[in-house]
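Since the structure is predicted, the reported quantities are computational estimates derived from the model, not experimental observations. Note: hydrogens, waters and symmetry copies are ignored here, and every other heavy atom, side chains too, is used.
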Amino acid sequence: MMDKQRIRSRFAKAASNYQSAAIAQYEIAKKMIRLMQENIQLRPQKVLEIGCGTGFFSRLILQHIKPKKMVLNDICPEMMPEVMDILTSSHTFICADAETYAFPKDINLIASCSTIQWFNNPRAFFESCYGSLPDSGILAFSTFGHDNMHEINATAHVGLTYRSKSELIAELLALNYKILVAQEEHLKLHFESPLQVLVHLKQTGVTGIKNHRWTKGTLRAFCDKYTSHYGTEEGVSLTYHPIYIIAIKSNS
């Protein structure tokens with residue numbers, strides 16, 4: 001089970017650095033928007049965004065999808081000041097755990113970027129989306145696949161349990177969604193050293209997985225192993241494995 005309090009705390013501490021540090025997440029958000037523009041035919045009237053964080057996906061939605069109303073959701077109350085510039089009478093913020101939050105009923109697009117990998121039960125989340133969306137409502141999300149940050153998992157034995165693209169599709173099809181888009185890719189970042197990788201993870205909130213205590217010895221061993229396995233001419237690598245899915249709720 002995910003420790004939601006730890007996750008909330010780590011992302012809250014990372015809020016001030018997230019915009020500059022979340023390089024891969026921003027590229028993923030931009031691609032998600034492109035896929036939405038290409039595959040969503042009607043402009044959504046009201047959007048619910050799950051896990052808005054500091055709001056760079058939120059801003060892209062408002063700029064390119066142009067909904068009349070938008071509900072920004074995040075588990076961290078500390079994210080509200082980060083998105084205050086885009087909040088209006090029509091665009092509101094709700095602090096809640098999306099796995100227990102009662103979704104509004106008048107939405108026609110639920111969007112989420114780089115969030116549902118933190119959920120204890122994504123299948124139940126998909127069911128909640130299905131129950132809240134009207135017929136032909138859209139669920140558009142990105143998450144991460146099995147290869148995500150495999151360098152960290154192999155070296156420090158810390159990582160999330162990820163679903164494959166086919167597993168996610170099977171769960172959605174079982175609930176009577178029609179899949180419009182299902183893509184995945186690998187994005188590789190490079191850093192000067194393994195220590196810089198750890199700084200990057202801290203600044204993007206990913207250290208919320210568990211409490212990993214370092215000693216000088218374990219940190220040195222981690223750096224040596226990481227460099228020997230993942231060192232390149234560009235520095236040490238860190239792999240992101242985003243999965244992009246857009247699905248439409250089929251008629252019951």
Next item on the list: Run the numbers on Leu160 and Met149 for side-chain contact (heavy atoms from CB on, under 4.5 Å), then give the verdict.
Entry: CA-CA 9 Å; Leu160 296 174; Met149 297 187 185; over 6 Å; no

Note to self: My understanding is that only residues two or more places apart in sequence, or in another chain, count here; which of them pass side-chain hydrogen bond (donor to acceptor under 3.5 Å, both in side chains) with Thr143?
What the structure shows: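 In terms of side-chain hydrogen bond (donor to acceptor under 3.5 Å, both in side chains), with neighbours along the sequence ignored, Thr143 is linked to Gln117.
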
Item checked: Which residues share a side-chain hydrogen bond (donor to acceptor under 3.5 Å, both in side chains) with Glu184, sequence neighbours left out ->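 If we apply the side-chain hydrogen bond (donor to acceptor under 3.5 Å, both in side chains) test to Glu184, skipping adjacent residues, the hits are His241.
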
Quick check: does any side chain N or O of [X] sit under 3.5 Å from a backbone N or O of [Y], one acting as donor and the other as acceptor?
{"X": "Glu99", "Y": "Asn120", "answer": "yes"}
{"X": "Asn108", "Y": "Pro44", "answer": "no"}
{"X": "Thr92", "Y": "Thr88", "answer": "no"}
{"X": "Thr115", "Y": "Cys113", "answer": "yes"}
{"X": "Glu82", "Y": "Gly55", "answer": "no"}
{"X": "Lys249", "Y": "Tyr130", "answer": "yes"}
{"X": "Asn73", "Y": "Ala96", "answer": "yes"}
{"X": "Gln196", "Y": "Ser193", "answer": "no"}
{"X": "Tyr240", "Y": "Phe144", "answer": "no"}
{"X": "His229", "Y": "Lys225", "answer": "yes"}

How far apart are the closest heavy atoms of [X] and [Y], and which atoms are they?
{"X": "Val236", "Y": "Gly231", "value": "CG1-CA, 4.0 Å"}
{"X": "Met36", "Y": "Ala111", "value": "CE-CB, 4.4 Å"}
{"X": "Pro67", "Y": "His91", "value": "O-CE1, 3.9 Å"}
{"X": "Gln25", "Y": "Ser114", "value": "CG-OG, 4.1 Å"}

Checklist line | Ile248 vs Leu133, side-chain contact (heavy atoms from CB on, under 4.5 Å): CA-CA, chis, key distance, verdict | finding: CA-CA 9 Å; Ile248 185 168; Leu133 289 167; over 6 Å; no

Please check if the number of heavy atoms outside [X] that lie under 6.0 Å from its [atom1] is greater than 12.
{"X": "Tyr101", "atom1": "OH", "value": "yes"}
{"X": "Arg220", "atom1": "CZ", "value": "no"}
{"X": "Gln37", "atom1": "CD", "value": "yes"}

Notebook entry, point to check: Cluster question for you: counting only ILVMFWY and a side-chain heavy-atom cut-off of under 4.5 Å, with indirect links fine, are Ile61 and Met84 together?
Noted result: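 Yes: a chain of side-chain contacts under 4.5 Å links Ile61 to Met84.
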
Margin query: Would you say Leu201 ends up clustered with Val199 if hydrophobic residues are merged whenever their side chains have heavy atoms under 4.5 Å apart, either directly or through other cluster members?
Written below: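 The answer is no; the residues belong to distinct hydrophobic clusters.
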
State, with a plain yes or no, whether a side-chain heavy atom of [X] is found less than 4.5 Å away from one of [Y].
{"X": "Trp118", "Y": "Ile75", "value": "no"}
{"X": "Ile243", "Y": "Ser142", "value": "no"}
{"X": "Thr227", "Y": "Pro194", "value": "yes"}
{"X": "Tyr226", "Y": "Ile152", "value": "yes"}
{"X": "Ile86", "Y": "Leu62", "value": "yes"}
{"X": "Leu219", "Y": "Leu198", "value": "yes"}
{"X": "Glu185", "Y": "Pro242", "value": "yes"}
{"X": "Ile33", "Y": "Ile65", "value": "yes"}

Mind checking the [atom1]-[atom2] spacing from [X] to [Y]? Nearest 0.5 Å is all I need.
{"X": "Asn39", "Y": "Ile138", "atom1": "CG", "atom2": "CD1", "answer": "9.0 Å"}
{"X": "Leu72", "Y": "Cys95", "atom1": "CG", "atom2": "SG", "answer": "12.0 Å"}
{"X": "Leu187", "Y": "Asp147", "atom1": "CG", "atom2": "CG", "answer": "12.0 Å"}
{"X": "Lys105", "Y": "Ser132", "atom1": "NZ", "atom2": "OG", "answer": "4.5 Å"}
{"X": "Ile28", "Y": "Ile23", "atom1": "CD1", "atom2": "CD1", "answer": "11.5 Å"}
{"X": "Tyr244", "Y": "Ile246", "atom1": "OH", "atom2": "CD1", "answer": "11.0 Å"}

Next item on the list: Assess whether side-chain contact (heavy atoms from CB on, under 4.5 Å) is satisfied between Val83 and Thr54, documenting all intermediate values.
Entry: CA-CA 6 Å; Val83 297; Thr54 57; 5.8 Å; no

Next item on the list: Before accepting this row, confirm whether a basic side-chain N of the pair Glu27/Lys31 lies closer than 4.0 Å to the acidic partner's carboxylate O.
Entry: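 A salt bridge is absent here (no side-chain N lies under 4.0 Å from a carboxylate O).
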
Check: Between Arg34 and His64, does a side-chain contact (heavy atoms from CB on, under 4.5 Å) hold up when you go through it step by step?
Finding: CA-CA 9 Å; Arg34 289 197 300 272; His64 297 287; over 6 Å; no

Margin query: Checking side-chain polar atoms at under 3.5 Å, does Asn148 have a donor or acceptor matched by the opposite partner on Tyr162?
Written below: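 On atom types as modelled, these side chains qualify, holding a pair under 3.5 Å.
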
Margin query: Side chains of Lys188 and Thr239: any donor to acceptor distance under 3.5 Å?
Written below: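 A donor-acceptor contact under 3.5 Å links the two side chains.
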
Check: Among Gln45, Lys46, Lys69, whose side-chain hydrogen bond (donor to acceptor under 3.5 Å, both in side chains) with Asp106 holds?
Finding: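 Filter result, single survivor: Lys46.
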
Notebook entry, point to check: Looking at Phe141 versus Phe57, is the centre-to-centre ring distance below 6.0 Å?
Noted result: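 Centroid distance Phe141-Phe57: not below 6.0 Å, so no.
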
Item checked: Phe191 ring center near His200 ring center (under 6.0 Å) ->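 Centroid separation for Phe191 and His200: below 6.0 Å.
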
